[in-house]
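Have a look at the structure below before the remarks.
Every chain is numbered from 1, with letters handed out A, B, ... down the list of sequences.
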Amino acid sequence: MNRNVSALLIGLVGASITLSAYSQTFVSPTQCVTVGLLVLIFGLLVKEGFISMVIWKRRLMIRKRPNDRSTNRQQPSRLWAKCTSLRSLKQIHASLITKGFNSSPSALREVIFASAMVISGTIEYAHQLFAQISDPDIFIWNTMIRGSAQSQNPLNAILLFVQMENRSMKPDRYTFPFVLKACSRLSWRNMGFGIHGKVIKYGFLENRYLRNTLIYFHANCGDLSVASDLFDVSDKTDVVPWSALTAGYARRGELDVARRLFDEMPVKDLVSWNVMITGYAKKGEMESARKLFNEVPERDVVTWNAMIAGYVLCGSCGEALEMFEEMKRVGERPDEVTLLSLLSACADSGDLEVGRKIHSSLSEMFCGDFSTVCGNALIDMYAKCGSIKMALEVFQGMREKHVTTWNSVILGLAFHGHADESIKLFTEMQRSKVKPNEITFIGVLVACSHAGRVKEGRQYFKLMRDRHSIEPNIRHYGCMVDMLGRSGLLNEAFEFIDSMEIEPNTIIWRTLLGACKIHGNVELGRQANEKLLQMRRSQSGDYVLLSNIYAFQGEWDGAEKVRKLMDDSGVRKEAGFSLVEFEADGKAFIHFLLASETKSGLRHQEPLAALR
DNA sequence: CTAGGGTTAG
């Protein structure tokens, strides 16, 4: 308000000076007034322009960050390099308010843009701000829909679109690609078809970009014939229709078709290669992926990430790490996605040492202020590698603790035998007013189960429904069965399964079967196994458990019968293994693969004894 | 402001 008044005053002063300067010479009064008005408008434009300039500068700096790490890291953008979290965004927002830019819609829109699009996992803040705007413009609507479409809840994009139509805000050509992306991610076929109809209704089908998004949607989860019809009328010199269709086939796992398209493509750019490499990598065909990777004329960070993620996915963590080393050797700078894939590899393989290195790379990259996703992955990695101390350290160092962050630490501790700590953190979580979700309760129930806190577990199970209105799913029931079974309340566990509102699955019965083994209850064990056989999806573990029950009770005939049944039905038991890592001479780390039932000849008694 | 890569989940 003040600024408008001052701009007005500046304009008026300018106008009167101009008038007095020129009116006495050769200019007519009408011209004087015109010049005065021009000066006034100029004053106002400068004021608005100044704001947009400031905002744009900030926006550019925020945006530049993720891809710009190859350049000098000692640049003045250091301050903005920290803008990876909600906290730093709030600082910017606060400084905008104190500088009086809050009333400017352009300021709010930039903050919304940053929280919806730039900083991952902060879309909720954008939603809060969005709710405060009485009359959002089309750009803000699109930004919200776009951000929601790529967020964890793509459903919000659809809801916003519906809301938009209800408030009679006309979508434009940019709106639809984002809504379609949400449909693709949700695999909402019908909704996508509906959106297709609306695209026609609004006359946007001729739009090249929109048609490409439609090709992508239909190839991905809609109708393949529609996709190819749209493809046929597309400009074949454009790479996008080609790669959209190829990506769709690749994602559906139809790699042969994808490959044929890829070979037919008149022009290939890097993205089409990436599509194909990703397709192979996701299907576990790493040799083919590798071949294309070697052939591709140029590589970017996505190419490398696709390969690394592929190796992680098929369990070849060593190959993934080799790729990472090679990537660094040729000078390609790893980004957040690279490191997240690798953290998952470390968590799977238990490679604490490499995990630590990635931690320090991330610290360097983000100045120790991790985004929610990075923090979660780090907590998960440390917990799975057994370093509870570091998991807690990362957790405590995180400024913003999202539900998923709490979940990572609560589950990490619960599965690692630190039930008391886990439950303590859950109480702390409730104090900090973060709403627990269904996954949180999995962690809490697992913790109670491991600690033998049956009474508390029952309370939390009830609390989940009554206070948080979360309907228990099959996994929660599974936790309860596990908890009751472990503590020997086998009959109650059986009754609990009977009282369940959803159909029990094999996991539930297998859990009970496992509990029967521990407590040597042959009768209930047999019943549970019968249920499992009924479901005809019985796996080797069930046979082994049942056989063990008989064996533990000295009923060797029964045990033998089950083993024979196993052999006849061609069921085989996978060899179990555990990984132990210890420091040998201060620096070297040695890995031991300990197999309990193995073909390699290792007997777990020997190395275990050696370790002790 | 179109196509390609990632994390947490008995």
Quick test: give all pairs of protein nitrogen or oxygen and nucleotides 7-10 of chain B nitrogen or oxygen below 3.5 Å, distance rounded to 0.1 Å.
none

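- Distance, A:Asp335 CG to B:dG5 P: 13 Å, rounded to whole Å.
- Here B:dA3 presents its C1' atom at 13 Å from CZ of A:Phe231, a figure rounded to the nearest Å.
- Of the listed nucleotides (B:dT2, B:dG4, B:dG5), B:dT2 has the atom at the smallest distance from the side chain of A:Tyr209.
- No N or O donor and acceptor, one from the side chain of A:Asp300 and one from the base of B:dG5, sit under 3.5 Å apart.
- A ring-centre distance under 6.0 Å is found for A:His359 and A:Tyr382.
- Here the side chains of A:Met327 and A:Val301 are in contact, with some heavy-atom distance below 4.5 Å.
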Considering only distance and modelled atom types, tabulate donor-acceptor pairs under 3.5 Å from the side chains of residues 291-298 of chain A, sequence neighbours left out.
unit_1   : atom_1 : unit_2   : atom_2 : d
A:Asn294 : ND2    : A:Arg290 : O      : 3.3

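- At whole-Å resolution of the value, CG in A:Asn274 and P in B:dG6 are 12 Å apart.
- A:Glu492 and A:Arg458 are joined by a salt bridge, as a carboxylate oxygen and a charged side-chain nitrogen come within less than 4.0 angstrom of each other.
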TODO: Determine, step by step, whether A:Leu160 and A:His127 satisfy the side chain to side chain contact (heavy atoms under 4.5 Å, CB included) criterion, reporting the C-alpha distance in whole Å, the side-chain angles of both residues, the deciding distance to 0.1 Å, and the verdict.
DONE: CA-CA 10 Å; A:Leu160 277 162; A:His127 274 106; 4.1 Å; yes
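- In this structure, the CG atom of A:Leu214 is 13 Å from the C1' atom of B:dA3, given to the nearest Å.
- Atom CG in A:Leu180 sits roughly 13 Å away from atom P in B:dT2 (whole-Å rounding).
- Side-chain atoms of A:Ser243 lie closest to B:dA3 of the nucleotides B:dG4, B:dA3, B:dT2.
- The interatomic distance linking A:Ile308 (CD1) with B:dG4 (C1') rounds to 15 Å, in whole Å.
- When the P atom of B:dG4 is taken as reference, atom CZ of A:Arg299 falls 21 Å away, rounded to whole Å.
- Applying the salt bridge (Lys or Arg N to Asp or Glu O under 4.0 Å) rule to A:Asp263 yields the partners A:Arg259; only residues at least two apart in sequence or on another chain are considered.
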